[in-house]
Peer 1: 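I am attaching a structure below and will ask some questions about it afterwards.
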Amino acid sequence: MAEETVSKKEVLKLTGISYGQLYRWKRKGLIPESWFVHRSTVTGQETFFPKDKILGRIAQIQSMKEEKSLDEMVQLLSPEATGRDATWEANATLNAVGEGAKDLLWKDSGYTFAELVALAAGAKALSGGANRSEAELLVELVRHEDELLRDPGGAVALVAEKSLEREGMSVRVPFAVVAREPVQLDGESRVTQRADLEQLVERVKIKLGEVR
Amino acid sequence: MAKQNVSISGSGKIGGGDYGNVRISGAGRVDGDLIAEEIRISGSGRIMGTVKAREITVSGSGRFTSDVDTESFQGSGACAVEGNLKAGEFRCSGSQRIAGGLSAHYVRTSGTLSVGRDVESDVFISSGKFNIEGLLSADRVEVRLVGESRVGEIGGEKIEIRGDTGFNVQISLTRGFRMGFGGGSLRAKSVEGDEVHLESTRAEVVRGETVRIGPGCRIGRVEYSGSLEVHEDAEVVERVKS
């Protein structure tokens with residue numbers, strides 16, 4: 001069943017917030033870009049939102065905004081929008097995401113959101129049978145993808161393997177790929193590990209929510 | 001260890017890397033991702049990679065082939081960014097083209113600004129010409145129109161678009177010498193804000209709380225929740241109080 005939507009005007013009326021606040025929260029990443037759905041109506045272009053999500057989020061922001069700054073709220077509500085400005089202690093988060101993940105990227109100053117997702121992807125590959133160097137390839141690739149992780153719909157991180165056979169020698173070269181589905185590889189390559197980044201982003205967000 | 005400073009004053013090429021100050025006053029090129037304290041281009045500079053710097057000044061011709069992240073960006077020459085530009089403070093008095101989006105805390109432009117995607121800033125002040133394909137979003141938008149500007153959408157708290165009232169002189173290589181009164185105009189699909197004041201603007205729809213439609217405007221539909229004032233030299237097809 002399709003989600004119930006609500007127009008921007010109705011949102012302002014129902015919640016009492018202003019255009020200024022709505023646009024400010026959008027710029028900050030407190031309201032994800034993907035919730036803004038542009039649609040043509042009889043009265044021209046209008047913007048709609050998934051009703052439950054937007055009303056829930058605005059209620060959360062309103063209940064926090066007395067004691068928290070905008071940046072603190074972003075860290076709590078939209079960790080994917082913090083980029084490289086915020087870090088989290090890994091211990092509590094990573095135990096839940098995957099054992100052994102922390103060894104793939106050792107830092108003592110805390111991890112950015114992208115790094116936590118990267119480690120979760122690495123841990124998933126490890127538990128799926130990848131070896132350590134393959135998992136590290138994946139972590140190194142995903143940890144710099146802050147932009148992609150803000151809108152991870154359909155994004156996957158893959159470990160693949162290319163088999164080269166030349167003059168009787170056979171070499172298998174592992175490599176990592178981050179892309180949006182559908183991903184096409186050449187005929188000599190095959191995917192050995194597949195991590196759905198959208199799922200991992202959600203999982204890390206939930207874990208971060210529990211940690212706070 | 002102190003980081004290395006680099007200066008290209010003839011014609012030269014360096015690899016990417018982590019530097020102190022990078023100065024290009026001749027024709028210079030950086031191949032690869034660049035991290036620097038300060039980048040100054042006064043000749044012709046091309047940076048082939050992502051850039052992260054505390055301060056960037058371009059007074060000649062600059063081209064950045066990928067994303068740029070800086071605390072302060074000042075352009076007075078001709079500059080093109082082929083990725084996204086993220087800047088604490090962005091000032092432009094020359095010609096600036098950004099293929100991606102511009103995100104900043106403070107934007108001030110008096111030159112020609114062209115942006116392929118959205119502009120996001122706390123404050124956006126323009127006394128130049130701009131062409132923004134996507135959304136211009138800022139708490140405060142203050143525009144003094146010069147020439148023909150275009151924007152997809154505008155959204156924010158306080159939006160003030162003023163027509164050009166004074167005498168102006170334009171010298172352009174392609175159009176020759178022009179002189180005249182007024183002439184500034186803005187076209188937008190939609191404008192949304194709490195306080196909206198428009199002049200010389202054509203828009204399909206304007207939504208706001210307090211809305212003033214000034215001289216020279218042609219608006220398809222105004223939706224307002226507080227008050228609406230329409231100047232006698234303005235045309236509003238439909239008015240809706242909601």
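Model, not experiment: these values are computed from the prediction. To find a chain, count down the sequence lines: A is the first, B the second, and so on, and within it residues start at 1.
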Peer 1: Heavy-atom count check: over 12 atoms from other residues, nucleotides or ligands less than 6.0 Å from Lys189(B) NZ?
Peer 2: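 No, the 6.0 Å shell around NZ holds no more than 12 heavy atoms from other groups.
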Peer 1: Ser190(B) versus chain A, heavy atoms under 4.5 Å apart: side chain, backbone, both or neither?
Peer 2: neither
Peer 1: Counting only heavy atoms not in Arg221(B) (residues, nucleotides, ligands), do more than 12 fall under 6.0 Å from its CZ?
Peer 2: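 Atom CZ in Arg221(B) is packed in, count exceeds 12.
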Peer 1: When you compare the side chain of Leu22(A) with that of Glu192(B), does any pair of heavy atoms fall below 4.5 Å?
Peer 2: no
Peer 1: Between Ser121(B) and chain A, which part of the residue has a heavy atom less than 4.5 Å away: side chain, backbone, both or neither?
Peer 2: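 The backbone, not the side chain.
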Peer 1: Please determine, among Arg207(B), Arg140(B), Glu238(B), the option with the most heavy-atom pairs under 4.5 Å with chain A.
Peer 2: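 Among Arg207(B), Arg140(B), Glu238(B), the one with the most close pairs to chain A is Arg207(B).
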Peer 1: Of all of Gly220(B), Ala138(B), Ser137(B), Gly208(B), which one pairs up most often with chain A through heavy atoms under 4.5 Å apart?
Peer 2: Ser137(B)
Peer 1: Answer yes or no: are there more than 12 heavy-atom neighbours, outside Gln4(B) itself, under 6.0 Å from its atom CD?
Peer 2: no
Peer 1: With a 6.0 Å cut-off (strictly less than), is the heavy-atom count around CZ of Arg117(B), excluding the residue itself, greater than 12?
Peer 2: no
Peer 1: Indicate the atoms forming the closest heavy-atom contact of Ser242(B) with Lys13(A), along with that distance.
Peer 2: C-NZ, 4.1 Å
Peer 1: Would one find more than 12 heavy atoms of other residues, nucleotides or ligands at under 6.0 Å from atom CZ of Arg172(A)?
Peer 2: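 No.
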Peer 1: How long is the gap from OG on Ser18(A) to NZ on Lys158(B), to the nearest 0.5 Å?
Peer 2: 14.0 Å
Peer 1: NZ/Lys26(A) to CG/Leu135(B) distance, rounded to the nearest 0.5 angstrom?
Peer 2: 5.0 Å
Peer 1: How about CZ on Arg143(A), more than 12 heavy atoms from neighbouring residues, nucleotides or ligands closer than 6.0 Å, or not?
Peer 2: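 Count over threshold, so yes.
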Peer 1: Check each atom of Glu46(A) against the heavy atoms of chain B and say whether the ones under 4.5 Å are side chain, backbone, both or neither.
Peer 2: both
Peer 1: If we only count heavy atoms from C-beta on, is the Arg27(A) to Asp122(B) side-chain gap below 4.5 Å?
Peer 2: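 They are in contact (side-chain heavy atoms under 4.5 Å apart), so the answer is yes.
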Peer 1: Measuring heavy-atom distances to chain A, does Ile159(B) have an atom under 4.5 Å in its side chain, in its backbone, in both, or in neither?
Peer 2: neither
Peer 1: Drop me the distance from Lys9(A)'s NZ to Glu223(B)'s CD, to the nearest 0.5 angstrom.
Peer 2: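 Taking NZ in Lys9(A) and CD in Glu223(B), the distance rounds to 3.5 Å.
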Peer 1: Verify side chain to side chain contact (heavy atoms under 4.5 Å, CB included) between His38(A) and Glu153(B), making sure each step is shown before the conclusion.
Peer 2: CA-CA 12 Å; His38(A) 294 279; Glu153(B) 298 167 71; 3.8 Å; yes
Peer 1: Heavy atoms only: give me the nearest Asp139(B)-Gly20(A) pair and the separation to one decimal.
Peer 2: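 Taking every non-hydrogen atom into account, OD1-O, 4.3 Å.
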Peer 1: Would you find more than 12 non-hydrogen atoms of other residues, nucleotides or ligands less than 6.0 Å from Lys13(B) atom NZ?
Peer 2: no
Peer 1: If you round to the nearest 0.5 Å, how far is NE2 of His144(A) from OG1 of Thr50(B)?
Peer 2: 10.5 Å
Peer 1: Assess, by modelled atom type and distance only, whether the side chains of Glu209(B) and Tyr19(A) contain a donor and an acceptor separated by less than 3.5 Å.
Peer 2: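 No.
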